[in-house]
Each structure stands twice: as structure tokens, then as C-alpha cells.
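See below for the structure under consideration.
Source: prediction; values computed, not measured. Values below: all heavy atoms of this structure, side chains included; hydrogens, waters and symmetry mates excluded. First the proteins, then the strands, lettered A, B, ... as listed; each starts at 1.
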Amino acid sequence: MIELKGLHKSYITGNNKLHVLKGLDLIIEQGELVSVMGSSGSGKSTLLNVLGILDSYDNGSYKLNNTLMSNLTEKKAAHFRNNMIGFVFQSFNLISFKNAMENVALPLYYQRVGRKTRNKIAMEYLDKMGIKDWAEHMPNELSGGQKQRVAIARAMISKPKVILADEPTGALDSTTSLEVMDLFREINKSGITMIIVTHERDISEKTNRIIQLKDGIIESDLISKN
Amino acid sequence: MFDTDKWQEIYYSLKQNKLRSFLTAFGVFWGIFMLIVMLGSGNGLQNGVTQGFGDFATNSVFIWTQRTTVEYKGFPKGRFFNYNNADITAIQKNIKNIRYLAPRLRAGGFGGGDNVIRGLNSGAFQISGDYPAMNLIDPINIDKGRFINDIDIEQKRKIVIIGTRVQEALFEPDEDPMGEYIRIQGVYFKVAGIFSSKKSGEQGDRENQGIYMPFTTLQKTYNYGDIVGFFAITAYDNVSVSKVEEETIKLLKQRHLIAPEDDQAIGHFNVEKEFKQMKGVFLGIDGLIWLVGIGTLLAGVIGVSNIMLVIVKERTKEIGIQRAIGATPVKIMSQIITESIFITAFAGYIGLVIGTGLIELVSFALIKFEVDSNMFRNPEVDFQVAVTALLILVISGAFAGFIPAKRAVSIKPIDALRSE
């Protein structure tokens, strides 16, 4: 499903070259529930951006669903992001001028699905997330947990192969965090691969595999008991 | 298909900073408004001046006599001479490409004493002896009756066609002048027609104070013998009258024993040249109007482009989110360019409507208050020009949006997402 071989990535800031990912080898199978841990600067966010085709890499290879992700045109990249990947961000990243339902329906808009159809599908997903009643609300009228549910619904609506979550619980209180994690586990059971970047131990403990990053290399890769 | 999401986003984007959106739109509005008002005024000026020409055949020339300035074949310089009836046939026979030839004689005029009498009324009027062709070279409106015809010329009929001002001076308002008699030079003439000028302003006024009679009748009445006052000549449409003018003058010089190099002896006025010169002036004015108008418009459009850049910068993160969940660069660019076109076209359209409205209002006022000016009349804007202007707006709107749109997609999605 996801196959990384000798992945290198460095940033150039002025005259300094910052080597962030130093040759990662990683295979994640379809249907896994993985968490990526590490202190800040360990390269976990960079890894997630490369996996999400939001950023490019310098060396090595990245195969998603057996397709090599390199030298993509921005159009192709957008297409892959739209069809294969769902994103969940720490700061939710909802579009402020669209209500919950429209936010969820947005990926389908880019697939040229008609407005009526996509809004109907969006309602189904909001129902699954248990926030159907807030469909007409704007993002600034929702609580953090509700916003993240909307974001998760949006990530799921295009039926992606993998959902990438970048500190999804970073802005939520512990009760809501656990609720969101339960939601993730449920989604994972339907066969969607989940990769969650976090630095909270109790979050990673809810996943089936914990990858620990340190200074751009994999320090440990543990299959956990649950 | 109407893309609700696209317009929702445009509405949101413009609503974010209403004053800024308004000022930006105003720049474009002002540009197109100025262009339209200036074009309309330019047309008004042009209409006013060309109206002074009436339906004058512009490829015409007038040729009259002056004093010779060169000694020739034993004649001294400073000699007066006259054209005669034989010149008429000679010109007709020898000069090609003449469409109309109208010899003319004039008698009286304002400044002179009263020369036309009817009962107790009298007046001083310009009296012209004309051929029927004159009405084809420098046309007038025949309001009643008819103009001079060939039989009038042949039979030297004592008839006149009088101008509206002549009618007012000699007849009571409820009187019908047709068939009545007026006395000129002691001879009674029957009124066979009433005319009004096609020209406006002072020129038209002067023409309306004129009386036309058959050329031959005037020669006889005033005892002019076979003298011809001057010639009015119109060339065929596809021929330049300047060539005809040159040939005719050469012929007349030969016939009246004038030195070929004597340019002063024969006076001539080429309407075509005059007309071309005037056209040139208007072309210049038009060019200036477009230059200034397009310049103003360009300033407005650059304003739009600038603001779009600011909007793109403000919304970098949103654009980043959209790209993360699958918006293609084309989609993002089309969104920004549509927004830019929308501002430009919308503001421009309002400018177009208000500008045209103002022009129409002025036009209406001119008619309502019966302003008859030689310089300004019937300002108007071509429908075609309006459509062209709108087209220019849409295209320039697209251009204005293009650079900001490029900027929006040139940032990597991840950098866009990170920006706050």
C-alpha cells in the first residue's frame, strides 16, 4: 500500500541545508492503523507531507498503491490527493465561508459531482459522525470536537485509500480526543489505512503500530498488543 | 452550468473588505465612464460640425474669377474677366468625370438695400440664379412646390423658390405663398416653391434668407448678358474632385487668355480637401479620446490586478486547504480569474450604463431646450463601441486576474497550508 525506500528530504534555508528525513524505509499495508511519534524536529510532519503528496522528496522512492509518486505535475498530485488520500489537520482547516455540509462535500466538488448529489452524500457522512443536526452551521459556530468530526467526514467522503492525520487531537480536550480516536478505529475497521502523527503517548497507544522517529530516521517500529 | 460554489466564494471574497472592493470597482467604473462620456462628446462635436455641411456633396469644387496677376499675350496684369455661357458647354465637352455642373449667378444679398418687395413688405435677400443640378450639389429641403427644372432654364420662366425666412418676411403667417407674386428688380415672379436649409446654425440661417430663380432668368433680369458668376462642380463618387478641379482651371485659363502660371486669377474652393482636413482633425480627437480613455481604464484594471494579488495573499491558507483536498491548479486559477473578470465586467458595465445614460440625458436636454449649436449636437455612443468596450473589459479582467492566479498556484500546497 505505502512503500518507502531510502527516502531523503532536506530543506534549504538560506545557506543552511537542513536534512530532515535521512533514508527512511517503511512499508505500511492496506488496513493498518499506524501512529508516527517523535519529538518536534524529528521529521514526522515532513514524512506526513511527503506521504500526502503535499511536499516533494529528494532521494529514494515513494510508492502509493503501487504507483511511484515522483515528478508529478500539480494536476496529477491534486488528482491523487483527491482520490486516494484524506487529510485531517490539527487546526481542522475548514473553509470558513462554507457550512459543515458544504465543507464535507468539497472534495466531491473537485470531482465534479453535482451539488445536490454531493450534499446528500455529505449529509450521510455527517450522520455517521453524529453531527447531522449541525449541517447548516458555519465552522465558527462549532466546537472543536464538532469541527474535527466535520474534517474527518470531509476526509472520508471521497472514499480514500488512506487517511493522514496530523496531530488530530492536538487542539482537543482529552475526552474529545478519545472520542475522535474511537472514531478513527471505527473508520479503520472499514478497511481504510490510517496514519496518525502525534506526540501524545495515550493517543499512539490506541493504534496498532507505533513508529518512533528520531532525527530523521526510524528509531523503533513496534506492533502493539491491541 | 451555474457553479454555486464558485460564486459563493467570489461573494465571500469581495465581502471580506467591502470598502476595498468598492474602491477597486470604482477605478474600473471611472475608466469606462470617462471613455464613454468622452466618446459621446467627441461624436457630439463631430455631429455638430458635420451638420453644418448639410448634405453637401463633399467631392465638390467651386471656381470663380479674380484679377489676373501675370501679363500674358499682350494683356496687362490686374485685369478683370468673367466666365460666360460658352464656358459651360466647353467644360461639359472637355472635362471628364463631372457628375454635376452647376453654373451660378448671384445678385443682392444682405448688407444691400431691400431688393424684394411684396405689397407693403420688403426685404434684402440673397438672390441666386441656378441650374437644377445645384440642388444635387448643395441640397436644400423643398418644403412645398418644386425646385428649378430644365424647362424653367430653357424658357427663362419668371419663377422663384423662396427660403422660409423670406416667407416670414413677405407673407402673413396664415397666407399660402404658393402661386403668389413677389417683385424683384421691378419684375414680378411667381412663387413656385418654398425651401428650408439642411444646415444648422448661422449657415442654415443665412441660407434660409435666400431666393432661387432660374439661371437664365437672372441673367436676363439683371442684364448680365451671358456672364456666369461661378461654377459648382461635383465629380463622380470614385473620382477625386481635385483632378477635375485642376483640369477645369487649366481649360478656363486657356479660354480666357490667362497665364498658365497665374494662380491668383482663378479662385477656387475644394470642399473635398476641406472635408478631409476636418476628418483628419476628428480622427485625431478620436485617437486622443481612446488613448486617454484606455489609459484611465488601464489604471483601473491594474488596480484590480493589485487587489487580486492582495486577496490571493490573504487567502493563501484557504487556497492551500483547497489544494490539499484535491483542487487542481486550473480550478484555483479559474476561481481567481473569474473573480477578477467579475469585478471588472460588473463595474465596467455600470460605468457603461451610467455613461450612456449621461450622454442620452445631455442629448435629450439639447433637443428639449432647442439648443441649436454649430459645435455640438446629438452626442451618441455607438452600440458597437459599447460592445467593444465590454469585450475589452472582460479580456482585461482576465489579464488582471492572471498574474495573481499564477501567484496563487506557484506556492507549494504545503507552504500555503502552513501560512497564517
Quick check: under 4.5 Å, non-hydrogen atoms only, which of residues 318-347 of chain B neighbour chain A?
B:Glu318, B:Ile321, B:Gln322, B:Arg323, B:Ala324, B:Ile325, B:Gly326, B:Ala327, B:Thr328, B:Pro329, B:Lys331
Positions in residues 12-39 of chain B that reach chain A, provided some heavy atom is under 4.5 Å away
B:Tyr12
NZ (A:Lys214) with more than 12 external heavy atoms under 6.0 Å:
no
If we define contacts as heavy-atom pairs under 4.5 Å, which of A:Phe89, A:Tyr109, A:Phe87, A:Tyr110 has the most with chain B?
A:Tyr110
Which atoms of A:Glu102 come close to chain B, meaning under 4.5 Å heavy atom to heavy atom: side chain ones, backbone ones, both, or neither?
side chain
With a 4.0 Å cut-off on N to O distance, would you call A:Arg115 and B:Asp3 a salt bridge?
no
Over 12 foreign heavy atoms within 6.0 Å of CG, A:Asn66
no
For the atom pair CZ (B:Arg315) and OG (A:Ser96), what is the distance rounded to the nearest 0.5 Å?
8.0 Å
So which part of A:Phe80 gets closer than 4.5 Å to some heavy atom of chain B, the side chain, the backbone, both or neither?
neither
Rounded to the nearest 0.5 Å, what separation is found between the CZ atom of A:Phe97 and the CD atom of B:Gln8?
6.0 Å
Answer yes or no: are there more than 12 heavy-atom neighbours, outside B:Tyr11 itself, under 6.0 Å from its atom OH?
no
Applying side-chain contact (heavy atoms from CB on, under 4.5 Å) to A:Ser70 and not counting sequence neighbours gives A:Tyr57, A:Leu68
Let me know if A:Asn49 has heavy atoms under 4.5 Å from chain B in its side chain, its backbone, both or neither.
side chain
More than 12 heavy atoms of other residues, nucleotides or ligands under 6.0 Å from NZ of B:Lys6: yes or no?
yes
Is it true that, when you exclude A:His79 itself, more than 12 heavy atoms of the residues, nucleotides or ligands shown sit nearer than 6.0 Å to its NE2?
no
Checking B:Lys317 against A:Asn93 for the side chain to side chain contact (heavy atoms under 4.5 Å, CB included) test, could you report, in this order, the C-alpha distance in whole Å, the side-chain angles of both residues, the deciding distance, and whether it holds?
CA-CA 9 Å; B:Lys317 174 145 189 174; A:Asn93 284 352; 3.2 Å; yes
More than 12 foreign heavy atoms under 6.0 Å from CD1 of B:Ile411: is that the case here?
yes
Among A:Gln111, A:Lys75, A:Lys98, A:Lys76, who wins on heavy-atom pairs under 4.5 Å with chain B?
A:Lys98
Hey, which of B:Ile414, B:Asp415, B:Val409 has the most heavy atom pairs under 4.5 Å with chain A?
B:Ile414
If the contact rule is any heavy atom under 4.5 Å from chain A, which residues of residues 348-364 of chain B qualify, in numerical order?
none
Counting only non-hydrogen atoms closer than 4.5 Å, does A:Arg118 touch chain B with its backbone (N, CA, C, O), its side chain (CB onward), both, or neither?
side chain
Using a cut-off of under 4.5 Å for heavy-atom pairs, which of A:Ala155, A:Gly52, A:Ala105, A:Ala78 has the most such pairs with chain B?
A:Ala78
